[in-house]
Amino acid sequence: MAASTALIGVAALVWTQLEQEEDQEQDFFHKLLQTCSLDVEAAGTVPVDGIPGTVNERTFIAIKPDGVNRGLIAEIISRFESKGFKLVGIKILTPTKDFAEKHYADLSARPFFPGLVKYFSSGPVVAMVWEGKGAILTGRKIIGATDPTKAEPGTIRGDLCIQVGRNIIHGSDGVESASHEIKLWFKPEEVANWNRSLDPWISEAN
Ligand code: IDP
Ligand code: MG
(Lines give C-alpha, C1' and ligand atoms only; values in the text may rest on other atoms or scores of the structure.)
(Ligands and ions follow the chains in the order given, each with its own letter.)
Protein backbone atom coordinates (compact mmCIF):
# COMPACT_ATOMS: atom_id res chain seq x y z
CA MET A 1 0.00 0.00 0.00
CA ALA A 2 2.76 2.46 1.03
CA ALA A 3 4.79 1.43 -2.00
CA SER A 4 1.75 1.84 -4.24
CA THR A 5 1.07 5.32 -2.82
CA ALA A 6 4.71 6.35 -3.27
CA LEU A 7 4.67 5.05 -6.84
CA ILE A 8 1.53 7.03 -7.57
CA GLY A 9 3.14 10.15 -6.07
CA VAL A 10 6.15 9.80 -8.33
CA ALA A 11 3.87 9.08 -11.27
CA ALA A 12 1.94 12.30 -10.55
CA LEU A 13 5.14 14.35 -10.78
CA VAL A 14 6.12 12.65 -14.02
CA TRP A 15 2.64 13.39 -15.37
CA THR A 16 3.05 17.14 -14.80
CA GLN A 17 6.23 17.14 -16.85
CA LEU A 18 4.70 15.09 -19.66
CA GLU A 19 1.59 17.22 -20.03
CA GLN A 20 2.91 19.24 -22.96
CA GLU A 21 4.65 16.31 -24.63
CA GLU A 22 3.61 13.71 -27.21
CA ASP A 23 0.54 11.42 -26.92
CA GLN A 24 2.82 8.39 -27.03
CA GLU A 25 4.46 9.40 -23.79
CA GLN A 26 1.08 10.02 -22.18
CA ASP A 27 -0.06 6.53 -23.20
CA PHE A 28 2.96 5.11 -21.43
CA PHE A 29 2.01 6.97 -18.28
CA HIS A 30 -1.58 5.77 -18.47
CA LYS A 31 -0.34 2.20 -18.62
CA LEU A 32 1.85 2.82 -15.59
CA LEU A 33 -1.14 4.14 -13.65
CA GLN A 34 -3.19 1.11 -14.62
CA THR A 35 -0.74 -1.07 -12.73
CA CYS A 36 -1.41 0.83 -9.49
CA SER A 37 -4.55 0.57 -7.41
CA LEU A 38 -6.24 3.95 -7.64
CA ASP A 39 -6.99 5.10 -4.12
CA VAL A 40 -7.62 8.39 -2.31
CA GLU A 41 -4.21 9.82 -3.14
CA ALA A 42 -4.53 8.91 -6.82
CA ALA A 43 -7.84 10.64 -7.55
CA GLY A 44 -6.19 13.95 -8.42
CA THR A 45 -3.94 12.35 -11.01
CA VAL A 46 -6.65 11.18 -13.42
CA PRO A 47 -6.33 13.06 -16.73
CA VAL A 48 -9.40 15.00 -17.89
CA ASP A 49 -10.25 12.38 -20.51
CA GLY A 50 -9.84 9.52 -18.05
CA ILE A 51 -7.87 6.29 -18.32
CA PRO A 52 -9.53 3.89 -20.78
CA GLY A 53 -9.74 0.28 -19.65
CA THR A 54 -9.75 1.16 -15.95
CA VAL A 55 -12.31 2.26 -13.37
CA ASN A 56 -11.35 5.79 -14.45
CA GLU A 57 -12.52 5.37 -18.05
CA ARG A 58 -14.53 8.45 -19.07
CA THR A 59 -17.10 9.17 -21.73
CA PHE A 60 -18.87 12.28 -22.99
CA ILE A 61 -22.67 12.20 -22.78
CA ALA A 62 -24.98 15.03 -23.86
CA ILE A 63 -28.74 15.35 -23.41
CA LYS A 64 -29.83 17.07 -26.62
CA PRO A 65 -32.28 20.01 -26.74
CA ASP A 66 -35.30 17.70 -27.23
CA GLY A 67 -34.35 15.65 -24.16
CA VAL A 68 -33.94 18.82 -22.09
CA ASN A 69 -37.21 20.37 -23.32
CA ARG A 70 -39.10 17.13 -22.74
CA GLY A 71 -38.07 17.09 -19.08
CA LEU A 72 -35.92 13.97 -19.37
CA ILE A 73 -32.75 15.26 -17.65
CA ALA A 74 -33.37 13.48 -14.36
CA GLU A 75 -34.50 10.24 -16.04
CA ILE A 76 -31.37 10.11 -18.20
CA ILE A 77 -28.95 11.00 -15.41
CA SER A 78 -30.62 8.42 -13.21
CA ARG A 79 -29.86 5.60 -15.66
CA PHE A 80 -26.13 6.35 -15.67
CA GLU A 81 -26.03 6.95 -11.92
CA SER A 82 -27.99 3.80 -11.07
CA LYS A 83 -25.71 1.70 -13.25
CA GLY A 84 -22.81 2.76 -11.03
CA PHE A 85 -21.11 5.35 -13.18
CA LYS A 86 -19.80 8.48 -11.48
CA LEU A 87 -20.67 11.97 -12.68
CA VAL A 88 -17.43 13.98 -12.92
CA GLY A 89 -18.55 16.85 -15.18
CA ILE A 90 -21.86 18.56 -15.94
CA LYS A 91 -23.04 21.87 -17.39
CA ILE A 92 -25.96 23.26 -19.40
CA LEU A 93 -25.44 25.47 -22.42
CA THR A 94 -26.93 26.21 -25.82
CA PRO A 95 -24.29 25.32 -28.42
CA THR A 96 -23.66 27.85 -31.18
CA LYS A 97 -24.07 26.66 -34.76
CA ASP A 98 -20.28 26.76 -35.16
CA PHE A 99 -19.77 24.64 -32.06
CA ALA A 100 -22.42 22.13 -33.18
CA GLU A 101 -20.62 21.85 -36.53
CA LYS A 102 -17.36 21.21 -34.69
CA HIS A 103 -18.93 18.56 -32.46
CA TYR A 104 -20.42 16.72 -35.45
CA ALA A 105 -17.55 17.48 -37.89
CA ASP A 106 -17.16 13.80 -38.83
CA LEU A 107 -20.73 13.82 -40.22
CA SER A 108 -20.34 16.99 -42.32
CA ALA A 109 -20.72 15.11 -45.62
CA ARG A 110 -24.03 13.47 -44.62
CA PRO A 111 -27.26 14.82 -46.13
CA PHE A 112 -28.83 15.32 -42.68
CA PHE A 113 -25.87 17.41 -41.41
CA PRO A 114 -27.50 20.89 -41.78
CA GLY A 115 -30.66 19.67 -40.00
CA LEU A 116 -28.59 17.98 -37.31
CA VAL A 117 -26.60 21.15 -36.62
CA LYS A 118 -29.79 23.24 -36.48
CA TYR A 119 -31.42 20.74 -34.08
CA PHE A 120 -28.36 20.44 -31.84
CA SER A 121 -27.97 24.22 -31.54
CA SER A 122 -31.72 24.90 -31.13
CA GLY A 123 -31.76 24.92 -27.32
CA PRO A 124 -29.94 23.91 -24.18
CA VAL A 125 -27.82 20.78 -24.04
CA VAL A 126 -26.79 19.11 -20.77
CA ALA A 127 -23.15 18.15 -21.31
CA MET A 128 -21.66 15.55 -18.99
CA VAL A 129 -18.61 13.43 -18.33
CA TRP A 130 -19.30 10.03 -16.76
CA GLU A 131 -16.63 7.78 -15.30
CA GLY A 132 -16.40 4.07 -14.56
CA LYS A 133 -15.25 0.70 -15.87
CA GLY A 134 -16.49 0.28 -19.44
CA ALA A 135 -18.09 3.75 -19.43
CA ILE A 136 -17.65 4.28 -23.19
CA LEU A 137 -19.05 1.01 -24.55
CA THR A 138 -21.58 0.47 -21.77
CA GLY A 139 -22.66 4.09 -22.15
CA ARG A 140 -23.48 3.36 -25.80
CA LYS A 141 -25.46 0.28 -24.76
CA ILE A 142 -27.43 2.26 -22.19
CA ILE A 143 -28.22 4.84 -24.90
CA GLY A 144 -29.26 2.29 -27.55
CA ALA A 145 -29.19 2.33 -31.35
CA THR A 146 -29.03 5.64 -33.24
CA ASP A 147 -32.47 5.02 -34.79
CA PRO A 148 -34.96 4.77 -31.90
CA THR A 149 -37.17 2.42 -33.94
CA LYS A 150 -34.27 -0.04 -33.82
CA ALA A 151 -33.21 0.66 -30.23
CA GLU A 152 -33.99 -2.14 -27.78
CA PRO A 153 -36.55 -1.57 -25.04
CA GLY A 154 -34.67 -0.87 -21.82
CA THR A 155 -32.29 1.53 -23.55
CA ILE A 156 -32.76 5.28 -23.31
CA ARG A 157 -33.62 5.68 -27.00
CA GLY A 158 -35.63 2.45 -26.98
CA ASP A 159 -37.79 3.70 -24.13
CA LEU A 160 -37.99 7.46 -24.57
CA CYS A 161 -38.02 8.51 -28.24
CA ILE A 162 -39.23 7.43 -31.69
CA GLN A 163 -37.45 9.55 -34.34
CA VAL A 164 -33.77 9.43 -35.41
CA GLY A 165 -33.79 13.20 -35.91
CA ARG A 166 -34.98 13.66 -32.30
CA ASN A 167 -33.12 10.92 -30.47
CA ILE A 168 -32.54 12.95 -27.26
CA ILE A 169 -29.00 11.92 -26.34
CA HIS A 170 -25.41 11.78 -27.58
CA GLY A 171 -22.65 9.46 -26.36
CA SER A 172 -19.04 9.02 -27.43
CA ASP A 173 -18.62 5.94 -29.63
CA GLY A 174 -15.00 5.00 -28.78
CA VAL A 175 -11.85 5.83 -26.87
CA GLU A 176 -10.67 8.43 -29.39
CA SER A 177 -14.01 10.23 -29.72
CA ALA A 178 -14.46 10.21 -25.94
CA SER A 179 -11.10 11.90 -25.46
CA HIS A 180 -11.74 14.38 -28.28
CA GLU A 181 -15.26 15.26 -27.11
CA ILE A 182 -14.42 15.60 -23.40
CA LYS A 183 -11.61 18.02 -24.29
CA LEU A 184 -13.81 19.89 -26.78
CA TRP A 185 -16.57 20.48 -24.21
CA PHE A 186 -14.76 20.71 -20.87
CA LYS A 187 -11.79 22.57 -19.47
CA PRO A 188 -9.74 20.39 -17.10
CA GLU A 189 -10.86 22.47 -14.11
CA GLU A 190 -14.52 21.82 -15.00
CA VAL A 191 -14.10 18.09 -14.39
CA ALA A 192 -14.01 16.86 -10.79
CA ASN A 193 -11.67 14.10 -9.69
CA TRP A 194 -13.50 12.86 -6.62
CA ASN A 195 -13.65 9.74 -4.52
CA ARG A 196 -17.19 8.51 -3.92
CA SER A 197 -17.68 6.71 -0.63
CA LEU A 198 -19.59 4.04 -2.55
CA ASP A 199 -16.71 3.40 -4.98
CA PRO A 200 -15.49 0.19 -3.29
CA TRP A 201 -19.05 -1.22 -3.38
CA ILE A 202 -19.28 -0.51 -7.10
CA SER A 203 -15.79 -0.84 -8.53
CA GLU A 204 -13.72 -3.22 -6.41
CA ALA A 205 -12.61 -6.45 -8.10
CA ASN A 206 -12.18 -9.72 -6.20
P1 IDP B 1 -25.05 8.33 -32.67
O2 IDP B 1 -25.66 9.57 -32.08
O3 IDP B 1 -25.81 7.10 -32.28
O4 IDP B 1 -23.58 8.21 -32.42
P5 IDP B 1 -24.32 9.10 -35.40
O6 IDP B 1 -24.32 8.21 -36.58
O7 IDP B 1 -23.02 9.55 -34.84
O8 IDP B 1 -25.23 8.41 -34.27
O9 IDP B 1 -25.17 10.38 -35.78
C10 IDP B 1 -25.19 11.52 -34.96
C11 IDP B 1 -26.60 12.02 -34.87
O12 IDP B 1 -27.04 12.42 -36.17
C13 IDP B 1 -27.65 11.01 -34.42
O14 IDP B 1 -27.69 10.84 -33.02
C15 IDP B 1 -28.90 11.63 -34.96
O16 IDP B 1 -29.34 12.72 -34.11
C17 IDP B 1 -28.43 12.21 -36.28
N18 IDP B 1 -28.68 11.28 -37.38
C19 IDP B 1 -28.02 10.15 -37.67
N20 IDP B 1 -28.53 9.55 -38.75
C21 IDP B 1 -29.55 10.32 -39.15
C22 IDP B 1 -30.48 10.23 -40.24
O23 IDP B 1 -30.47 9.30 -41.03
N24 IDP B 1 -31.39 11.23 -40.32
C25 IDP B 1 -31.44 12.28 -39.46
N26 IDP B 1 -30.60 12.40 -38.44
C27 IDP B 1 -29.65 11.43 -38.29
MG1 MG C 1 -21.96 9.32 -33.09
Side-chain angles (χ1 to χ4, degrees), residues 23 47-53 57-186 190-191:
D23 283 349
V48 65
D49 54 348
I51 309 171
E57 181 168 308
R58 290 178 177 176
T59 190
F60 174 72
I61 301 291
I63 306 172
K64 296 174 176 178
D66 48 342
V68 174
N69 274 279
R70 289 180 52 198
L72 295 172
I73 297 171
E75 166 82 34
I76 290 170
I77 287 180
S78 168
R79 293 187 179 215
F80 284 87
E81 199 172 37
S82 304
K83 174 68 176 167
F85 292 129
K86 179 158 61 179
L87 185 62
V88 295
I90 184 165
K91 58 185 172 184
I92 186 164
L93 72 160
T94 300
T96 62
K97 195 169 160 291
D98 280 359
F99 191 81
E101 282 172 356
K102 210 177 271 181
H103 172 76
Y104 280 124
D106 59 324
L107 298 173
S108 60
R110 305 297 291 274
F112 56 81
F113 185 69
L116 173 61
V117 166
K118 190 174 174 202
Y119 154 55
F120 198 65
S121 58
S122 66
V125 163
V126 174
M128 297 175 281
V129 182
W130 285 90
E131 181 183 276
K133 191 169 167 54
I136 300 170
L137 192 59
T138 306
R140 290 289 293 191
K141 288 184 186 162
I142 290 173
I143 288 171
T146 303
D147 180 349
T149 63
K150 299 194 174 84
E152 293 294 326
T155 65
I156 289 171
R157 286 170 174 163
D159 289 349
L160 302 171
C161 55
I162 53 178
Q163 168 64 263
V164 68
R166 295 289 182 274
N167 62 359
I168 71 172
I169 183 165
H170 166 84
S172 307
D173 64 5
V175 170
E176 273 179 30
S177 61
S179 173
H180 171 73
E181 290 167 0
I182 291 168
K183 289 174 177 170
L184 178 66
W185 285 78
F186 285 87
E190 292 175 326
V191 175

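In each ligand, atom 1 is the first atom listed, and ligand 1 is the first ligand listed. Residues: numbered from 1 along the sequence shown.
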Practice prompt. For atom 1 (P) of ligand 1, find the nearest protein heavy atom and state the residue, atom name and distance (0.1 Å precision).
Written response: Thr146 OG1, 3.5 Å
Worksheet item: Counting only N and O atoms by type, is there a donor-acceptor contact under 3.5 Å from the side chain of Arg166 to the main-chain atoms of Asp66?
Response: no
Worksheet item: Looking at Phe186, is Lys91 sitting on its ring face, NZ or CZ under 6.0 Å from the six-membered ring centre and within 45 degrees of the normal?
Response: yes
Worksheet item: In the protein, which heavy atom is nearest to atom 9 (O) of ligand 1, and how far is it?
Response: Leu107 CD1, 3.5 Å
Worksheet item: With a 4.0 Å cut-off on heavy atoms, is Arg110 touching ligand 1?
Response: no
Worksheet item: Which residue holds the protein heavy atom closest to atom 11 (C) of ligand 1, what is that atom called, and what is the gap in Å?
Response: Leu116 CD1, 3.9 Å
Worksheet item: What are the two closest non-hydrogen atoms of Thr59 and Ala178, and how far apart are they?
Response: CA-CB, 4.2 Å
Discussion item. Looking only at protein heavy atoms, which one is nearest to atom 13 (C) of ligand 1, and what is the separation?
Written reply: Asn167 ND2, 3.5 Å
Worksheet item: Do Tyr104 and Phe113 have ring centroids that are under 6.0 Å from one another?
Response: no
Practice prompt. Return the set of residues passing ring pair (Phe, Tyr, Trp, His ring centres under 6.0 Å) with Phe85 (not counting sequence neighbours), or none when no residue passes.
Written response: none
Worksheet item: Within a radius of less than 6.0 Å around CD1 of Ile162, do more than 12 heavy atoms belonging to other residues, nucleotides or ligands occur?
Response: no
Worksheet item: For Arg166, is the nearest heavy atom under 4.0 Å from an atom of ligand 1?
Response: no
Worksheet item: Where is the nearest protein heavy atom to atom 4 (O) of ligand 1: which residue, which atom, and how far?
Response: Arg140 NH1, 2.8 Å
Worksheet item: Going through the checks in order, is the salt bridge (Lys or Arg N to Asp or Glu O under 4.0 Å) test met by Asp49 and Lys183?
Response: CA-CA 7 Å; Asp49 54 348; Lys183 289 174 177 170; 3.5 Å; yes
Discussion item. For Phe99 together with Trp185, are the ring centres under 6.0 Å from each other?
Written reply: yes
Discussion item. Counting non-hydrogen protein atoms only, what is the nearest one to atom 2 (O) of ligand 1? Give residue, atom name and distance.
Written reply: Arg157 NH2, 3.0 Å
Worksheet item: Tyr104: heavy atom below 4.0 Å from ligand 1, yes or no?
Response: yes
Worksheet item: Nearest protein heavy atom to atom 18 (N) of ligand 1, by residue and atom, and its distance?
Response: Phe112 CE1, 3.5 Å
Worksheet item: What part of His103 sits under 4.0 Å from ligand 1 if we count only heavy atoms: the side chain, the backbone, both or neither?
Response: neither
